[in-house]
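Notes follow once the structure below has been shown.
Heads up: numbering here begins at 1 and tracks the sequence. As a basis for the values below, the full set of heavy atoms in this structure was taken, side chains included, without hydrogen atoms, waters or symmetry mates.
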Amino acid sequence: MRLEILLTALLYFGGTCLTGYAVRRLLKLKKEGLLFSVALGAFCWWALMELILVPMTMKFASFSSFVVIYSVAIALLSLAGLLCWRDIQEDVKELAGNWRKYLTLGHVVALLLIVIELWFIHHHMYLEWDDTYYVNLANVAISSDKIYWVYPETGIQVDLDKRYMLSLWPIFYAWLSKLFGVVPTIMAHTIMPWLMIPLAYVIYVLIGKRLFEDDVQLQGMFLAFAVLIHLFMSGEHTTGLTFLAITPWVGKGILAGIIIPGLFYWILRAVRDGGTANWMMLGITGLGGCLTSSVGIMLTPLFVGIAVFLLTLQTKKIRYLAYGILSCLPCILLGLYYIPLTH
């Protein structure tokens, strides 16, 4: 299983990094670094899956056809990233030449805590009762070759609960399972933590760099504190903090631990730097959040709307409100579609 974990991590982080460089070139975002590219690529992967998966689900498409279409799209994005080899080379050289600058005591403590978190979940796994539905949905997708039209708890082909049809996060790790020949249950419980937990802390690294641009020591302390909060400051198993620490394959956990911090990061960038690219990525991240959970369809416009509304009141610049509404447009459209779909 160690080989499967390594191969999946190489595909995921390598592919998202290359995708991030391709999108960076398109959006003209230069000198942002490797970690930024990984986060950017991950959000784009999930947003792209939502765009492909929803219409294919509605048209009763087979799971195998989805795997082919989505895999080709991801391969093309990754190949496009290879064309940005000069940007990759510059970022690697910069990181290799200045690694001591970025490795503070806080960063070392954070890395040790992340390793402990990964070791703990790998050896002392918590099984969420929702797995009987969501993880089984991924299992049934592979065994029946149907995306969502077989009830995962009985195997009967029925008209399923339409609340979940716009947010089929288990199909993401079903796709990974299909590529590597791993049972989705094992992919979710054993391999996904090695992808989602590091990705979550990549987002916190980026947030720390934005909050404390001129103080690397504070950036390290911020990261260490973020890891500590996720490890020790949650009171019950259904909070966002605990979801990342013990069930990082659950869609609501990805929404709370990765998407919401990602939205916060893009708002910070949009406010400080301006630029169309940051608002576009805010919208793409929100669309990716719709894949993780149906809660994301509502929560993203709420989170972004409150932020830009307060910003508009503070600055008296109506353009922030307009940009925020435009960035939430994919979520708003899905939300409007959700109403007649479920009633």
Side-chain angles (χ1 to χ4, degrees), residues 5-49 73-96 98-99 102-103 107 110-111 114-115 117-118 172-173 175-176 179 191-210 219 222-223 226-227 244 248-249 254-255 257-266 268-269 277-278 280-282 284-289 291-292:
I5 293 173
L6 178 61
L7 291 176
T8 308
L10 286 174
L11 169 73
Y12 183 73
F13 290 112
T16 53
C17 186
L18 290 174
T19 299
Y21 275 101
V23 177
R24 275 177 53 183
R25 177 69 63 87
L26 185 64
L27 298 179
K28 298 180 181 179
L29 297 171
K30 298 181 179 180
K31 297 182 179 180
E32 297 286 355
L34 290 168
L35 295 183
F36 176 86
S37 297
V38 169
L40 184 68
F43 294 139
C44 290
W45 274 28
W46 296 343
L48 178 62
M49 175 168 278
I74 291 300
L76 290 175
L77 284 173
S78 299
L79 289 174
L82 289 174
L83 299 178
C84 307
W85 61 271
R86 290 185 183 275
D87 297 333
I88 299 174
Q89 190 177 40
E90 288 178 6
D91 286 341
V92 170
K93 284 183 178 180
E94 197 277 336
L95 182 62
N98 299 289
W99 66 271
Y102 302 113
L103 197 63
H107 288 101
L111 286 173
I114 292 170
V115 170
E117 184 174 354
L118 287 168
F172 178 71
Y173 51 83
W175 170 68
L176 289 173
L179 293 183
I191 300 179
M192 285 293 287
W194 295 89
L195 309 182
M196 296 300 108
I197 290 175
L199 178 61
Y201 294 125
V202 165
I203 306 300
Y204 284 108
V205 169
L206 297 176
I207 292 173
K209 289 176 68 175
R210 278 284 157 174
Q219 292 175 22
F222 173 80
L223 179 61
V227 183
L244 181 64
W249 57 86
I254 306 303
L255 177 66
I258 298 177
I259 297 296
I260 299 300
L263 293 172
F264 178 72
Y265 173 69
W266 292 117
L268 277 179
R269 286 181 60 99
N278 292 316
M280 289 178 63
M281 281 310 306
L282 182 63
I284 289 173
T285 303
L287 181 59
L291 173 71
T292 61

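Contacts of Tyr12 classified as ring pair (Phe, Tyr, Trp, His ring centres under 6.0 Å), with partners at least two apart in sequence or in another chain: Trp45. Residues passing the side chain to side chain donor-acceptor pair (under 3.5 Å) test with Asp91, sequence neighbours excluded: Tyr21, Arg24.
For the atom pair Met280 CE and Leu26 CG, the distance stands at 7.0 Å (nearest 0.5 Å). Interatomic distance, CD1 of Ile88 versus CG of Leu18, reported as 5.0 Å (0.5 Å rounding). Interatomic distance, CG of Leu206 versus CD of Glu32, reported as 9.0 Å (0.5 Å rounding). Taking CG of Leu40 as the reference point, atom CG of Leu27 lies at 7.0 Å (rounded to 0.5 Å). Atoms CD1 and OH, on Ile114 and Tyr204 in that order, are 11.5 Å from each other to the nearest 0.5 Å. One finds the OH atom of Tyr265 at 10.0 Å from the CE atom of Met281 (value rounded to the nearest 0.5 Å).
Residues Cys44 and Thr19 come closest through the heavy atom pair CB-CG2, 4.3 Å. Ala22 and Gly81 get closest at one heavy-atom pair: CB-N, 3.7 Å. Minimum interatomic distance between Leu195 and Phe13 (heavy atoms only, all atoms of both residues): O-CZ, 3.4 Å. Counting all heavy atoms, side chain and backbone alike, Gly262 lies closest to Ile203 at N-CG2, 3.7 Å. Nearest heavy-atom pair across Pro198 and Pro193 is CD-O, 3.5 Å. Closest non-hydrogen pair, Leu48 versus Ala73, comes out as CD2-CB, 3.8 Å.
In terms of modelled atom types and a separation under 3.5 Å, the side chain of Thr8 and the main chain of Ile5 share no donor-acceptor contact.
A ring-centre distance under 6.0 Å is found for Trp266 and Phe36.
Each side-chain hydrogen bond (donor to acceptor under 3.5 Å, both in side chains) pair with one or both residues in residues 79-90, not counting sequence neighbours, appears once here: Arg25-Asp87.
The shortest side-chain heavy-atom distance between Val205 and Val202 does not fall under the 4.5 Å cut-off. Contact of the Leu11 side chain with the Leu179 side chain is registered, since non-hydrogen atoms from C-beta on lie closer than 4.5 Å. Put simply, the side chain of Ile260 does not reach to within 4.5 Å of the side chain of Phe264, judged on heavy atoms. Within the 4.5 Å cutoff, the side chain of Ile254 has no heavy atoms near those of the Leu291 side chain. Under the 4.5 Å side-chain criterion, counting only non-hydrogen atoms from C-beta, Ile207 is in contact with Pro261.
Ring planes of Phe43 and Trp46: perpendicular class, angle over 60° (limits at 30 and 60°).
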Would you check, one step at a time, whether the test side-chain contact (heavy atoms from CB on, under 4.5 Å) holds for Leu282 with Leu263? CA-CA 6 Å; Leu282 182 63; Leu263 293 172; 3.6 Å; yes
Is there a side-chain contact (heavy atoms from CB on, under 4.5 Å) between Leu176 and Met192? Walk through the geometry before answering. CA-CA 10 Å; Leu176 289 173; Met192 285 293 287; 4.1 Å; yes
Given the rule in the side-chain contact (heavy atoms from CB on, under 4.5 Å) test, do Leu29 and Arg269 qualify, once you have shown the distances and angles that lead to the verdict? CA-CA 12 Å; Leu29 297 171; Arg269 286 181 60 99; 3.8 Å; yes
Evaluation steps, side-chain contact (heavy atoms from CB on, under 4.5 Å), between Tyr173 and Met196: CA-CA 11 Å; Tyr173 51 83; Met196 296 300 108; over 6 Å; no
